[in-house]
Number of protein chains: 2
Amino acid sequence: MTEEEYLKTYDSSEFQKPSVAVDLVLFTVRKEELQVLLTEREQYPYIGRPALPGVFVRMEETLDEAAQRALYQKTGLHDIYFEQLYTWGGLDRDPRMRIISVSYYALVPESQIPETEQKKFFPVREILQREDIAFDHREIIAYGRERIRNKVSYTDIAFSLVPEEFTLPQLQKIYEILLGQKLYKANFRKKIADKIYQTEHFTSGTKHRPSRIYRKKD
Amino acid sequence: MTEEEYLKTYDSSEFQKPSVAVDLVLFTVRKEELQVLLTEREQYPYIGRPALPGVFVRMEETLDEAAQRALYQKTGLHDIYFEQLYTWGGLDRDPRMRIISVSYYALVPESQIPETEQKKFFPVREILQREDIAFDHREIIAYGRERIRNKVSYTDIAFSLVPEEFTLPQLQKIYEILLGQKLYKANFRKKIADKIYQTEHFTSGTKHRPSRIYRKKD
DNA sequence: TATAGCAAGTAGCAAATTAATACTAACTTA
DNA sequence: TAAGTTAGTATTAATTTGCTACTTGCTATA
C-alpha cells in the first residue's frame with residue numbers, strides 16, 4: 001500500500017486536520033467607488049484591526065450555506081448575488097492554527113447597506129494601500145476585485161450592484177467603475193439594449209433632463 | 001488577556017473538523033478531443049470506479065503544494081500549468097466522512113503523457129455521459145472544462161497544451177477543441193501573431209506542404 | 001517529369017462591432 | 001428667455017471578425 005493509499009483509508013479522527021472557514025467579500029459601489037465591508041476584529045489575533053467577515057464551517061452545513069450564514073449574520077442580508085472566489089491555504093495565515101479559508105464574494109446595491117460602528121464599507125483602493133488589514137484579507141480583496149473586473153465583461157453581474165429599477169447613466173457608471181475605464185454612452189446602450197426593458201417612469205427632481213427608468217429582463 | 005495568553009488557552013481540537021483533500025483534473029488534448037486522467041479506485045468507497053487523482057492535505061503543506069504533490073505522485077510530472085479550480089463542500093460527497101475537496105486543474109501537452117494500467121486518459125465527452133464515476137468527480141470535470149472554455153479566449157492557456165515547438169495548424173486545433181468550434185485560419189493567425197515567433201524549422205515527412213514551426217514569446 | 005491531391009499559408013473583401021464625435025432633448029435656475 | 005447641465009440619439013471612422021478564394025510546397029503516381 002502506498003502512502004497515498006494509506007492516507008485515504010485512515011480513521012480521520014486520529015489525524016490532525018486544518019480548520020475550515022469561510023470569508024466573505026461583500027462589494028458595493030458607493031461614492032463612485034468600489035467598496036468592501038470590513039468588520040473590526042474583537043479577538044486575538046489582529047484585535048481591533050479591520051477584517052473580512054467570516055465564520056467557521058460547521059459539520060452540518062455546506063460551504064455555500066456557511067457563506068450565506070456569514071452574510072446573514074453580519075449584514076442581515078439575504079438573496080443577493082454571491083459566488084465562491086478562491087480558497088486560501090497558506091501555512092501561516094492565522095497564528096492560532098492552520099486555517100483554510102474558502103472565500104466568497106457578494107454584490108449588493110448601495111441602497112441596501114446596513115452599516116454599524118463595527119461594520120463599515122471602505123474603498124478597495126484605500127484598503128489596498130493600508131498595512132493594518134488582518135490576515136491575508138487584503139490579498140483576498142484584491143483577488144476579488146480582479147475576478148469582478150473579468151466577469152463584468154462576459155456576464156451580467158453589474159446588475160447586482162444596482163437596484164431593480166435603474167437608469168442607464170447609473171448602470172453605465174457601475175460598469176465604468178468595475179472596469180476602471182470610461183465607456184461611450186451610445187455604444188454602451190446598444191450593447192445592453194437586449195438585457196433591459198424600459199418602464200414608463202422617469203427620474204425627477206434633477207436639475208437637468210430626467211432619465212428613463214429601466215429594469216433587467218427575466 | 002494578552003495575545004500570548006490567548007494563544008495558549010486556545011484549543012483548536014475541541015471542534016470537529018472536516019477533512020480537506022485536493023483533487024486534480026489533469027487535462028490534455030488527444031485524438032482531437034479534450035481528455036482527463038482518471039485513476040481506478042482501489043479502496044472503498046467506489047472501489048474499482050474511475051476517479052480523479054487526489055490526496056489529503058497535510059498540515060505542513062499549502063494547498064498548491066498538495067496539488068503539486070498529487071500531480072507528481074500520480075504522473076511524475078513537474079512544472080506544468082496548474083491552477084485552483086473550485087472548492088467542493090457538499091455534505092455527502094464521501095460516505096466515510098465530511099471531506100472538503102479543493103480541486104485544481106492542470107494542462108499538459110499530449111507528448112508528455114505517462115499512462116499506466118491504473119491511470120488512463122478518457123475523453124471528457126465520454127466521461128460526462130457515464131454513470132460510474134466516483135464521488136462528484138463528473139461534476140468537477142464538467143466545471144473544469146467550462147473554466148477552460150472561458151479562459152481560452154482571454155488568456156494563453158491553450159499554449160500549455162502544446163509542446164514548446166509547435167505548428168500553427170496544431171495550435172489552432174487546440175483552440176478549436178477547447179472552444180468547441182471551428183476557427184478561420186487567416187483570422188486565427190492574425191490574432192496570435194504577436195504571441196509567437198517563427199523558427200527556421202519546418203515539419204517534414206508530411207504528404208503535403210510542410211508547416212513552419214513556432215515558439216511562444218517570453 | 002508532368003500532374004493530381006492535399007494541407008499550409010496568404011490576400012482581400014464583406015459584415016459586424018467598437019471607437020469617437022457631434023448633435024438634439026428636457027429639465028432647472030437666473 | 002437664455003444658460004447650464006445631463007439624457008439620449010445620429011452618424012461616421014476605425015477595427016475586428018466572418019468568409020471565400022487563391023497561391024505554395026510537398027508527395028504520390030501516371
Side-chain angles (χ1 to χ4, degrees), chain A residues 29 31-32 110 149-156 158-159 162-217, chain B residues 29 31-32 110 149-156 158-159 162-217:
Chain A
V29 169
K31 305 214 180 100
E32 316 243 310
E110 185 187 357
R149 207 169 258 175
N150 282 329
K151 289 202 92 169
V152 164
S153 33
Y154 66 94
T155 70
D156 293 344
F159 286 89
V162 112
E164 291 211 350
E165 302 209 313
F166 52 85
T167 68
L168 294 188
Q170 214 182 334
L171 184 63
Q172 182 175 344
K173 195 77 205 175
I174 299 286
Y175 270 89
E176 289 176 345
I177 289 166
L178 298 187
L179 291 168
Q181 63 176 9
K182 269 293 241 174
L183 300 177
Y184 294 101
K185 200 167 29 167
N187 296 338
F188 175 74
R189 283 158 189 249
K190 276 182 226 160
K191 206 152 193 185
I192 60 157
D194 57 329
K195 298 178 177 172
I196 58 177
Y197 63 89
Q198 56 175 49
T199 69
E200 294 311 310
H201 308 125
F202 293 83
T203 55
S204 60
T206 56
K207 212 174 77 175
H208 51 276
R209 177 177 177 174
S211 66
R212 189 182 276 279
I213 290 172
Y214 290 80
R215 290 176 148 269
K216 186 171 186 306
K217 273 191 190 160
Chain B
V29 170
K31 307 215 179 96
E32 317 242 311
E110 185 188 357
R149 206 167 260 175
N150 282 329
K151 288 200 93 169
V152 163
S153 33
Y154 66 94
T155 69
D156 293 343
F159 287 89
V162 112
E164 291 212 349
E165 303 209 313
F166 53 84
T167 68
L168 294 189
Q170 213 182 334
L171 184 63
Q172 184 176 342
K173 194 79 206 173
I174 299 286
Y175 271 89
E176 289 176 347
I177 290 165
L178 298 187
L179 291 169
Q181 63 176 9
K182 272 291 250 174
L183 300 177
Y184 294 101
K185 202 165 28 165
N187 294 342
F188 176 74
R189 283 159 190 248
K190 276 181 226 159
K191 204 151 192 186
I192 60 156
D194 57 329
K195 297 179 177 171
I196 57 176
Y197 63 89
Q198 57 175 46
T199 70
E200 294 311 309
H201 308 123
F202 293 82
T203 55
S204 60
T206 57
K207 213 175 78 175
H208 52 274
R209 176 176 177 175
S211 67
R212 189 182 276 278
I213 290 171
Y214 290 80
R215 290 175 148 269
K216 185 171 188 308
K217 275 191 190 160

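Letters go in sequence order (proteins before strands), and every chain restarts at 1. These numbers come from the heavy atoms of this one structure, side chains and all, not from hydrogens, waters or symmetry mates.
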Inset, instruction - Check B:Thr167 against B:Gln170 and note the closest heavy-atom contact, atom names and distance. - result: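 Smallest interatomic distance, heavy atoms only, reads N-OE1, 3.0 Å.
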Inset, instruction - Of all the heavy-atom pairs spanning A:Ile174 and A:Ala158, show the shortest one and how long it is. - result: CG2-O, 3.9 Å
Inset, instruction - Between B:Gln170 and B:Lys190, just flag the one whose closest nucleotide in DNA chain C comes earlier from the 5' side. - result: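 Of the two residues, B:Gln170 wins.
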Inset, instruction - With rounding to the nearest 0.5 Å, note down the distance linking CG in B:Leu178 to CG in B:Asn150. - result: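 CG of B:Asn150 is found 11.5 Å from CG of B:Leu178.
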Legend entry - Spacing of B:Thr203 atom OG1 and B:Phe166 atom CZ [to the nearest 0.5 Å]: 13.5 Å
Legend entry - Partners passing salt bridge (charged side-chain N to carboxylate O under 4.0 Å, His left out) against A:Glu200 (at least two apart in sequence or in another chain): none
To the nearest Å, give me how far apart [atom1] ([X]) and [atom2] ([N]) are.
X        : N      : atom1 : atom2 : result
A:Ile192 : D:dT9  : CD1   : P     : 12 Å
B:Phe202 : D:dC26 : CZ    : P     : 8 Å
B:Asn187 : D:dT15 : CG    : P     : 16 Å

Inset, instruction - Residues of residues 176-186 of chain A with any non-hydrogen atom less than 4.0 angstrom from an atom of DNA chain D: list those, numerically ordered, please. - result: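 Result for residues 176-186 of chain A: A:Lys185, A:Ala186, sorted by number.
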Legend entry - chain A contact limits on DNA chain C, taken 5' to 3' with a cut-off of 4.0 angstrom to heavy atoms: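 On DNA chain C, the outermost contacted nucleotides are C:dT18 to C:dT28.
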Please list, pair by pair, any protein nitrogen or oxygen found under 3.5 Å from a nitrogen or oxygen in nucleotides 23-25 of chain D.
unit_1 : atom_1 : unit_2   : atom_2 : d
D:dT24 : O4'    : B:Arg209 : NH1    : 3.4
D:dT24 : O2     : B:Arg209 : NH1    : 2.7
D:dG25 : N2     : B:Arg209 : N      : 2.7

Name each donor-acceptor pair under 3.5 Å that joins a side chain in residues 183-198 of chain B to protein atoms two or more places apart or in another chain, with its distance.
unit_1   : atom_1 : unit_2   : atom_2 : d
B:Lys195 : NZ     : B:Asp156 : OD1    : 3.0
B:Gln198 : OE1    : B:Arg212 : NE     : 3.4

Legend entry - A:Arg189 side chain near D:dG8 phosphate (N/O to OP1/OP2, under 4.0 Å): yes
Legend entry - Residue list, side-chain hydrogen bond (donor to acceptor under 3.5 Å, both in side chains) with B:Glu176, at least two apart or on another chain: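 Expected list: B:Gln172.
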